[in-house]
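Here's the structure, in structure tokens; my notes come after.
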Amino acid sequence: MLEVIKRSRLLMMTGLLSVVLAGCSGDTEANVAEETDNEGTEEVEPDAEDTTDEESEGGLDVGIILPTRDEPRWVQDEQRFMDALSDSDYTTEILFSQGSSANELQNVETLVSKGIDILIMSPHDGDAAGAAAQAAADEGITVIAYDRLITSTKAVDYYVTFDSVAVGEAQGQYLVDNAEGSDIPLYLYAGASSDNNAFLFFEGAWSVLQPKIEDGTFVIANSSEAEALSGTAELTRDEMGSIMGQITTNWDPNEAINRAQTHLTSAGDDLKGDVAILAPNDGTARSIADTFSADSDITSYVITGQDAEMASIQYIIDGKQSMTVFKDVRRLVEDAMGMAITILDGDTPETTGSYDNGAKDVEAMQSEVIVVNQDNVKAELIDSGYYEASEFTGLD
Ligand code: BGC
């Protein structure tokens, strides 16, 4: 797998991709599905000297659909796509579905009508997105699922993703590594059940946490379903679903606050004090952390996250969030666009494995993740050029 990854990076470095990458100017405002007039969207036409065979005259080459602008994670993806595409010849357009499968389908129809050959889509709801993927596939368009798998459909060709089970494992491991003593109250939170990733994150975290629940290091504080399954090392999807039904945030920071408040209100003194919190991503982690901080019976907490959102990097620097899992979106964009261009060139993209989406095994390109806490935040996120030091306060 590593070899393949290295090779795809090498391709980027040779400049091959930058020659043909799609045009989408850096200051482009991606439009939202509700805006049917496409105002604010810019397309860059292919250069006259475009020498590729895949002439795209009069049409758009690649359509990109992201789930929502309401979470910094996806605004970051938009920015990284625009950075990668600023200098290239294929045309692209980025649309947001704003947390609605109906918008998503409309976005696909819009892009199909503009003649795309490739659709890169991160679905709002994995199952519901099947109809949108099918609408594209019916027109002979290659569908690439981006970060989130499109599920229960054959109408998806490839999947570009991070190792989501490893994200959950890293979160669980962080809580284990920072656990002192026994009977530590463990508060579990999860993402939206409509997102396949939420299951993968939980599966990874559970695989690490469950033995430590069984040996008495942790005591589950907020899920009777998880307690009932605490002797089970490998959960079925249905079992995970029953736990997630009690602890889901739906990826919504406000819902996370409500859940956390309800859990803290019903928790006795034995479930307060020094606690551990599995938070599925940065947006929910900040809300949950704030809610726990406001409870005077919580003396300390260790809390996880993911996405390396800027606000959470500041929380980590300030000691308000313990860790995040850094998923380098530049890398995901590079893989997705590399795959798109390979297909536009008439070749078969390289993959590193496959994911069962319930209807087929989808060939996938997967990349690794990095755990970030106070110790390495500067090295991983500033020194690497991902963020500017000036965007934060209190960095040494
Ligand atoms: C993504 C996470 C993101 C979450 C909520 C997941 O599918 O992998 O990075 O935080 O959705 O948008």
Side-chain angles (χ1 to χ4, degrees), residues 64-81 96-101 103-104 120-129 144-151 156 159-171 189-205 240 244 247-256 259 278-289 303-313 315 321 323-333 335-336 355 357 362 364-372 381 386:
I64 299 162
I65 300 182
L66 299 174
T68 178
R69 295 191 86 119
D70 294 342
E71 293 174 37
R73 156 71 216 264
W74 302 108
V75 176
Q76 198 183 130
D77 288 66
E78 177 195 21
Q79 187 57 52
R80 301 297 181 185
F81 265 112
F96 282 86
S97 305
Q98 293 307 96
S100 152
S101 299
N103 284 348
E104 194 170 76
I120 297 174
M121 178 160 75
S122 189
H124 161 60
D125 174 317
D127 276 355
I144 302 175
Y146 176 82
D147 191 286
R148 294 179 177 175
L149 189 54
I150 303 167
T151 42
V156 52
Y159 182 30
V160 178
T161 184
F162 293 103
D163 183 344
S164 295
V165 174
V167 171
E169 286 168 353
Q171 293 172 331
Y189 294 95
S193 317
S194 57
D195 176 5
N196 188 56
N197 282 350
F199 288 86
L200 301 178
F201 301 145
F202 193 78
E203 176 190 331
M240 279 192 275
M244 285 162 59
I247 59 167
T248 184
T249 61
N250 268 322
W251 293 132
D252 178 349
N254 291 322
E255 207 164 320
R259 287 258 177 211
L278 177 74
N281 75 346
D282 284 351
T284 57
R286 295 192 300 276
S287 304
I288 295 168
I303 188 166
T304 61
Q306 81 167 292
D307 291 334
E309 286 183 1
M310 281 175 62
S312 279
I313 298 310
Y315 262 49
Q321 182 176 324
M323 62 88 84
T324 188
V325 181
F326 172 38
K327 308 197 300 189
D328 189 335
V329 173
R330 293 171 302 189
R331 177 62 200 288
L332 202 63
V333 164
D335 283 349
Y355 277 74
N357 82 339
V362 184
M365 170 71 90
Q366 178 173 281
S367 45
E368 305 307 315
V369 297
I370 297 170
V371 173
V372 169
L381 290 163
Y386 201 73

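Remember, it's 1-based here, ligands and their atoms both numbered in the order they're listed.
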Can you check whether [Y]'s main-chain N or O pairs, donor with acceptor, with [X]'s side chain at less than 3.5 Å?
X	Y	value
Gln171	Gly305	yes
Asp195	Asn197	yes
Ser367	Phe162	no
Thr324	Phe326	no
Arg148	Pro123	yes

Of Arg148, Glu71, Gln306, which has the heavy atom at the shortest distance from atom 11 (O) of ligand 1? Arg148
Nearest non-hydrogen atom to atom 9 (O) of ligand 1 belongs to which of Val325, Asp307, Thr249? Asp307
Examine the proximity of ligand 1 to Phe162 and report which part, side chain or backbone, both or neither, has a heavy atom under 4.0 Å away. neither
Part of Asp282 within contact of ligand 1 (heavy atoms, under 4.0 Å): neither
May I ask you to list the atoms of ligand 1 that are less than 4.0 angstrom from any heavy atom of [X]?
X	value
Phe201	8 (O)
Asp147	1 (C), 7 (O), 8 (O)
Trp74	1 (C), 11 (O), 12 (O)
Lys327	1 (C), 2 (C), 8 (O), 9 (O)
Arg73	1 (C), 2 (C), 8 (O), 9 (O)

Which protein heavy atom lies closest to atom 7 (O) of ligand 1, and at what distance to 0.1 Å? Asp195 OD2, 2.6 Å
Considering only protein heavy atoms, which is closest to atom 4 (C) of ligand 1, and at what distance to one decimal place? Trp251 CE2, 3.5 Å
Parallel, tilted or perpendicular: which fits the ring planes of Phe81 and Tyr146, with parallel below 30° and perpendicular above 60°? tilted
Arg69 bridged to Glu78 by N-O distance under 4.0 Å: yes
Could you tell me whether Arg286 and Asp282 have a side-chain N and a carboxylate O separated by less than 4.0 Å? no
